[in-house]
Amino acid sequence: MGAIVLLPLGVDDSSLDRCLAALDAGTAAGTAVWLADDAQAGPRAQAVVQHWLAHTPLQAEYTRRARPLGEVAHLDEMLRACAGLDVAVLAPDSVPGAGWLDQLQACFARDASIATATPWCNAGETVAWPRMGEVNPVPEAPAALSQACAGMPPEHPELPSAVTHAVLVRGTARQRAGGLDADSYGGWSAALIDLGLRMAGLGWRNVLCETAFVARADEGRHAPGDLEALASRWPAWTPRLADFLMHDPLRAAREDLQLRYQRAIMPKAQGDLFGVASPLQEPHA
């Protein structure tokens, strides 16, 4: 069985609508998708979900708790229910590009030591593109960008940690590491970092999947106290992150993707520039 897409719902119905539309367009028909609602979605968001469920080509399920359990505890409950299956956790305000999940699964297939695979993102912190550590604008030509990503050499460099816009988590590694720590962290971002570091301690890797792109309007945020809890448990993590941001080992890959993206959009740009006739237009006699 392929990976399950897990989408924990938020309160923004407009972002959710965009996410679900992109999910339909960029994901293979029949893919298993679980919309998990920790009593967060309001009436409008629930209406968006019900309309989407009635029309999506994906194999989708929706569950809603009567009372909120908390972000990390709810995600851990969902992940445990998926047992040893690989799970792609997708932020509810993300916009996945064409082929995003296929590329993440191909990343896992290439290297059994990979525990988490994170795609590029315009607002992806360490994996942000085209400028690292910034909230870049959402790409204007997402199809061309997905095409450019798909042509990247699949080298899968190691990251300090996975990032929450989209991450594929290997089920066997997750089970060995013991799941998420809902007692120590209030937010998914810190809980994911902690999980990744525990899996790394067991010999797995947290990597960039440079052949996929998932857009997002803004970066995820840490819950109060989470950074302090991370620093206390993993004192080497903050210096490692700072060193990564300072030396930017992904710079060459970012520049390569920028060139590929420019080439992908160039035919259309040249057509606009020189007034090339549409193929639907009849040529003049």
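The minimum heavy-atom distance linking Val214 with Ala166 is given by the pair CG2-CB, 3.9 Å. Closest heavy-atom contact between Thr164 and Gly220: OG1-CA, 4.3 Å. Shown here for Pro157 and Glu210, the closest heavy-atom pair between the two residues is CD-OE2, 3.3 Å. Among all heavy-atom pairs drawn from Pro119 and Ala212, the shortest one is CB-O, 3.4 Å. Here the closest heavy-atom approach between residue Leu16 and residue Ala45 is recorded as CD2-O, 4.0 Å. The heavy-atom pair separating Pro160 from Leu197 by the smallest distance is O-CD2, 4.1 Å.
One finds the CD1 atom of Ile265 at 11.0 Å from the CD atom of Gln147 (value rounded to the nearest 0.5 Å). Atoms CD and CZ, on Glu158 and Arg205 in that order, are 5.0 Å from each other to the nearest 0.5 Å. Atom-to-atom distance recorded for Asn122:CG and Ser94:OG is 10.5 Å, nearest 0.5 angstrom. Within the model, atoms OG1 of Thr238 and CG of Asp243 stand 12.5 Å from one another, a figure rounded to the nearest 0.5 Å. Here the CD-CZ distance, from Gln175 to Arg80, works out to 9.0 Å after rounding to the nearest 0.5 Å. From Leu180, atom CG reaches atom OH of Tyr185 across 11.0 Å, with rounding to the nearest 0.5 Å.
With hydrogens and angles ignored, the 3.5 Å screen pairs a side-chain donor or acceptor of Arg260 with a backbone N or O of Gly151. For the pair Arg174 (side chain) and Leu85 (backbone), a donor-acceptor distance under 3.5 Å is present. Remark: the backbone N or O of Ala41 is paired with a side-chain donor or acceptor of Gln46 at under 3.5 angstrom. Between the Arg221 side chain and the Glu219 main chain, a donor and an acceptor come within less than 3.5 Å of each other. Under the 3.5 Å distance criterion, the side-chain polar atoms of Gln103 are left unmatched by any main-chain donor or acceptor of Cys209. The backbone N or O of Glu228 lies less than 3.5 Å from no partner atom in the side chain of Ser232, so there is not a single donor-acceptor pair. No donor-acceptor pair closer than 3.5 Å links the side chain of Asp226 to the backbone N or O of Ala190.
Centroid-to-centroid, the aromatic rings of Trp129 and Tyr261 come within less than 6.0 Å.
Using a 3.5 Å distance cut-off with no hydrogens or angles, the side chains of Asn206 and Ser161 do not pair a donor with an acceptor. No side-chain N or O of Arg65 forms a donor-acceptor pair with one of His74 less than 3.5 Å apart.
Under the 4.5 Å side-chain heavy-atom criterion for ILVMFWY residues, a single connected hydrophobic cluster contains both Leu195 and Leu6. Hydrophobic clustering, with ILVMFWY side chains joined whenever heavy atoms are under 4.5 angstrom apart, keeps Leu101 apart from Leu208. A continuous path of Ile, Leu, Val, Met, Phe, Trp and Tyr side chains, each step under 4.5 Å between heavy atoms, connects Leu245 with Val163, placing both in one hydrophobic cluster. Residue Val167 is grouped with residue Met78 when hydrophobic side chains (ILVMFWY) are merged at heavy-atom distances under 4.5 angstrom, including chains of intermediate members. Transitive grouping of hydrophobic side chains (ILVMFWY, heavy atoms separated by less than 4.5 Å) brings Phe244 and Leu230 into a common cluster.
Between Val89 and Trp188, the closest side-chain pair of non-hydrogen atoms falls below 4.5 Å. Between Arg170 and Ile114 there is a side-chain heavy-atom pair separated by less than 4.5 Å. Asp248 has its side chain within reach of Arg254: a pair of non-hydrogen atoms, C-beta onward, lies under 4.5 Å apart. The closest side-chain heavy-atom distance from Met152 to Leu257 is below 4.5 Å. Two residues are said to be in side-chain contact when any heavy atoms from C-beta on lie closer than 4.5 Å; Val33 and Leu23 meet this criterion. Residues His156 and Asp111 have side chains not in contact (no heavy-atom distance under 4.5 Å, counting atoms from C-beta outward). Taking 4.5 Å as the limit, every side-chain heavy atom of Pro92 sits out of range of all side-chain heavy atoms of Gln40. Using a 4.5 Å heavy-atom threshold, the side chains of Leu159 and Leu250 count as touching.
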Is there a side chain to side chain contact (heavy atoms under 4.5 Å, CB included) between Leu168 and Cys107 once you walk through the steps? CA-CA 10 Å; Leu168 182 61; Cys107 179; over 6 Å; no
Worked check of side chain to side chain contact (heavy atoms under 4.5 Å, CB included) between Trp34 and Val87: CA-CA 10 Å; Trp34 186 357; Val87 178; over 6 Å; no
Go through Leu7 and Leu20 one step at a time and tell me if the side chain to side chain contact (heavy atoms under 4.5 Å, CB included) criterion holds. CA-CA 10 Å; Leu7 186 68; Leu20 294 176; 3.7 Å; yes
Steps toward side chain to side chain contact (heavy atoms under 4.5 Å, CB included) verdict (Val207, Glu155): CA-CA 9 Å; Val207 307; Glu155 297 175 350; over 6 Å; no
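Atom CZ of Arg44 sits in a sparse spot, with 12 or fewer heavy atoms from other residues, nucleotides or ligands closer than 6.0 Å.
In summary, Asp181 and Arg198 do not engage in a salt bridge, as defined by a charged side-chain N under 4.0 Å from a carboxylate O.
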